[in-house]
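Because only heavy atoms are used, hydrogens play no part in the values below, and waters and symmetry mates are left out as well, while side chains stay in. Predicted, not measured: the structure shown is a model, and the values here were computed from it. Labels below follow one simple rule: chain letters A, B, ... track the order of the sequence lines, proteins then strands, and each chain is numbered from 1.
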Amino acid sequence: MTLERRATRPALDAAADAATASRRPTINDVAALSGVSKSTVSNVMREPGTVSAATRERVLEAVAKLGYRPNATARNLLLRRTNLIGVVVGDVANAFDSELVKGIERHAAAGNYTTLVCNTGGDPRLEASRIDALLEQRVDGIVLLDFTGDRAVLAQLLAERVPVVMVSCWSEYADCVAVDDLIGIELAVGHLADLGHERIAHVVDPVMEVTTRRARAEAFERALLRTARSPRAEWTVVYDASNAGAAVLSLLGAENGPTGIVAANDHTAIRLMELLERNGLAVPRDISLVGFDGIDIAGLARIGLTTIVQPRETLARKTLELLLARMDSGYDTAPQQHRLIPSLVVRASTAPPR
Amino acid sequence: MKAAKGSMAGQAKPGWASQRPTIIDVANLSGVSKSTVSNVIRDKGHVAETTRARVLEAIDALGYRPNALARDLVRRHANTIGVLVGDLGNTFYAELVKLIELQASEAGYTTIVSNTDGDLALERARVETLLERPVRGVVLLQFSGDRAVLEELQAAHVPVVVVSCADERADCVAVDDSAGMALAVEHLYSVGHRSIAHVTGTLIEDATRAARFNGFKRAMASRRLQPRLLSADWEGERSEAKRELRALVTGGPCLTAFAAANDVMAIRLIDVLEAAGVRVPEDVSVTGFDGIELGAHVRIGLTTVAQPRAELTSQGFELLLDRISGKVGTGQVRRVRLDPELLVRGSTAPPRRDLAEVG
């Protein structure tokens with residue numbers, strides 16, 4: 001880059017070649033090559049203002065020549081790019097989030113970007129402070145896997161002209177890529193209906209990102225209407241682990257209770273399976289269970305969860321494409337929005353009602 | 001938002017990055033020199049109150065953020081803790097991350113997490129990235145044991161704590177991996193297993209992988225048993241590896257039990273075994289290590305060696321805070337050893353009679 005194009009003396013070249021031939025260059029090599037002390041080199045890297053321009057120039061030249069920390073300080077001093085992408089996650093313990101993060105990391109690494117991950121637990125205050133921390137790190141862009149819907153946060157990002165992509169969540173103001181929740185939930189409800197289930201409930205994850213949760217809950221109602229089943233408000237319940245899922249158990253224990261459940265995500269479905277079977281209800285003999293997301297453990301033979309699979313790999317790839325495009329174009333173009341089509345994978349957690 | 005003048009327009013790539021306000025914009029707006037702005041930010045030198053107020057106003061108006069690269073400018077105020085994690089896809093670490101975040105949050109810190117996938121080169125790169133940032137401290141959840149990484153952190157005077165794996169050279173909180181593997185082996189031995197293999201893989205950092213394998217070997221040696229090692233490379237539907245695995249448990253002199261290096265591997269192993277028609281625990285027994293939530297699932301019932309997650313993180317964070325506050329000086333390394341606990345569930349049982357004597 002710019003640094004490499006500068007003329008260097010032949011003696012420097014020879015010294016540099018000797019240093020780089022054998023091993024990774026160290027700060028000592030930089031000091032030796034530029035004829036300054038180690039602490040001066042360190043000052044140039046960390047507190048450039050404290051070193052004279054001429055010395056700084058010489059040190060940076062040596063840094064470039066040796067390839068010392070090639071992707072960090074020296075180049076950033078010129079470009080003011082950090083090659084960092086901030087990834088904001090709702091719940092790292094939810095495998096969908098962590099698997100998607102890993103996919104995004106792979107694509108980011110291919111584009112020479114490093115990711116920093118923040119976990120919000122779905123808490124708007126934590127979300128705001130973590131995004132603030134990411135901005136303090138001067139990330140080149142931010143990926144939101146979860147968004148609490150706090151408009152102030154989004155407004156701040158847009159105001160600071162930070163490229164943002166929302167993946168698996170949605171806002172009309174930002175670049176987004178997500179599956180079509182309505183299609184996904186319709187597939188789930190349709191599958192249970194085809195098996196003969198008349199009474200179907202929807203169970204929600206309290207930590208889940210709010211726009212998706214709302215979208216799936218609304219999709220659930222519409223899907224029921226479409227299959228000529230009347231939705232009942234009390235049949236959409238939150239699975240709350242802190243009170244041992246009492247709401248779910250009392251719903252299922254009621255006379256003429258539901259025979260099938262569409263969970264808002266796999267994470268919740270797998271916990272529900274645990275809850276039901278510990279309470280003497282077998283899946284699928286007593287209750288059929290459908291998840292959403294298609295996380296790896298749902299496919300374990302012992303779990304065997306019927307679920308709606310999100311195309312994770314496409315989500316991750318598309319996310320990086322959108323983000324890099326936004327970094328290039330700035331905010332002069334309209335938001336790019338992509339809906340992907342999820343698919344139904346039938347496993348052992350669903351069967352006709354008894 | 002004011003579009004800042006592209007002070008480095010000649011060199012910087014066009015795009016949003018060059019539109020962020022710089023220290024020069026702050027200087028221009030407040031009518032002072034760059035070094036005065038810097039003095040205000042660093043709280044150094046003599047700056048008149050009225051000037052200071054003007055600079056702060058300009059900083060506020062522009063939404064200027066001091067460049068993280070000039071990190072000493074902001075280090076004193078940074079309230080971010082960096083967390084380096086070996087495999088975010090392993091819920092054990094995801095759960096540790098959440099606990100660390102809770103601790104950090106209560107102490108007024110925010111956290112950023114960096115995933116290394118157990119890869120040494122990635123770990124180095126991520127540490128370098130963190131060192132370029134304004135972070136107050138670093139928590140290593142899993143650490144390869146790479147000397148250079150640690151030296152770099154220590155040379156930069158960044159407080160470090162290693163949580164969930166042991167290291168001689170830094171503050172650490174960990175369970176005794178050897179003692180943990182001994183618990184697993186002794187349990188298998190006590191129900192009658194003599195032919196036991198250790199299952200491990202590359203997603204575990206080198207240091208922990210070595211510690212658990214060594215612990216396994218030692219425990220086997222103390223029972224005068226032959227240690228066997230199996231690499232968990234059957235992922236990706238490689239039927240060949242699966243056939244091999246099946247042969248190991250159904251062929252001539254065969255294995256009757258597996259002590260896996262972690263729960264994720266143990267749970268995958270059970271899946272692969274059962275897909276090959278080998279029943280757990282009827283045909284072979286499997287133990288894990290870590291104590292993740294999924295292992296307790298009624299459908300999984302994994303016998304495992306559990307690590308005390310809450311203690312690991314609370315004590316680890318305490319060590320880090322002591323370093324950050326300067327309560328504990330350099331040259332003093334503190335190590336906390338916690339006891340792992342054997343949880344016996346449904347994945348272990350006595351070996352099949354027809355196989356028990358072999359080995």
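Between atom CD1 of residue B/I112 and atom CG of residue A/L84 there is a gap of 8.0 Å, rounded to the nearest 0.5 Å. Going from atom OG1 of B/T111 over to atom CG of A/L116 covers 11.0 Å, rounded to the nearest 0.5 Å. Going from atom CD of A/E277 over to atom NE2 of B/H297 covers 7.0 Å, rounded to the nearest 0.5 Å. The distance from atom NZ of B/K98 to atom CG of A/D91, rounded to the nearest 0.5 Å, is 3.5 Å.
Interface remark: of the candidates B/D87, B/V85, B/I300, B/V113, B/V113 forms the most heavy-atom pairs closer than 4.5 Å to chain A. Residue with the most contacts toward chain B among A/L126, A/D296, A/L134: A/D296 (heavy-atom pairs, distance under 4.5 Å). Between chain A and the options B/S35, B/A296, B/A275, B/G82, heavy-atom pairs under 4.5 Å are most frequent for B/A296. Counting heavy-atom pairs closer than 4.5 Å to chain B, the top-ranked of the candidates A/V283, A/V89, A/V87 is A/V283. Taking A/I297, A/I303, A/T115 one by one and counting their heavy-atom pairs under 4.5 Å with chain B, the maximum is reached by A/I303.
Using a 4.5 Å cut-off between heavy atoms, A/V88 does not touch chain B at all. Residue B/N90: no heavy atom, backbone or side chain, is found under 4.5 Å from chain A. Heavy atoms closer than 4.5 Å to chain A are found in the side chain of B/L294, but not in its backbone. B/I270 touches chain A through its side chain: at least one heavy atom from C-beta onward sits under 4.5 Å away, while N, CA, C and O do not. Proximity to chain B (any heavy atom under 4.5 Å) is shown, for A/A95, by neither the backbone nor the side chain. With a 4.5 angstrom heavy-atom cutoff, B/T91 touches chain A only via side-chain atoms. Only the side chain of B/E274 has a heavy atom closer than 4.5 Å to any heavy atom of chain A.
At a threshold of 4.0 Å, the pair A/R302-B/D271 does not count as salt-bridged, since none of the basic side-chain nitrogens sits closer than that to a carboxylate oxygen. Using a 4.0 Å cut-off between a side-chain N of Lys or Arg and a carboxylate O of Asp or Glu, A/E274 and B/R299 do not qualify as a salt bridge.
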side-chain contact (heavy atoms from CB on, under 4.5 Å) assessment of A/R125 paired with B/S105: CA-CA 11 Å; A/R125 267 181 322 123; B/S105 185; over 6 Å; no
Apply side-chain contact (heavy atoms from CB on, under 4.5 Å) to A/L300 and B/R268, showing your working. CA-CA 8 Å; A/L300 290 172; B/R268 286 278 165 211; 3.8 Å; yes
I would like to know whether A/V92 and B/E95 meet side-chain contact (heavy atoms from CB on, under 4.5 Å); could you show each step before the answer? CA-CA 8 Å; A/V92 282; B/E95 287 162 17; over 6 Å; no
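Of the residues listed (A/V101, A/N119, A/D97), the one engaging B/L88 in a side chain to side chain contact (heavy atoms under 4.5 Å, CB included) is A/V101, and it is the only one.
The two residues A/A93 and B/A94 make their nearest non-hydrogen contact at CA-CB, 3.8 Å. The shortest heavy-atom contact between B/G89 and A/K102 is N-CD, 3.9 Å.
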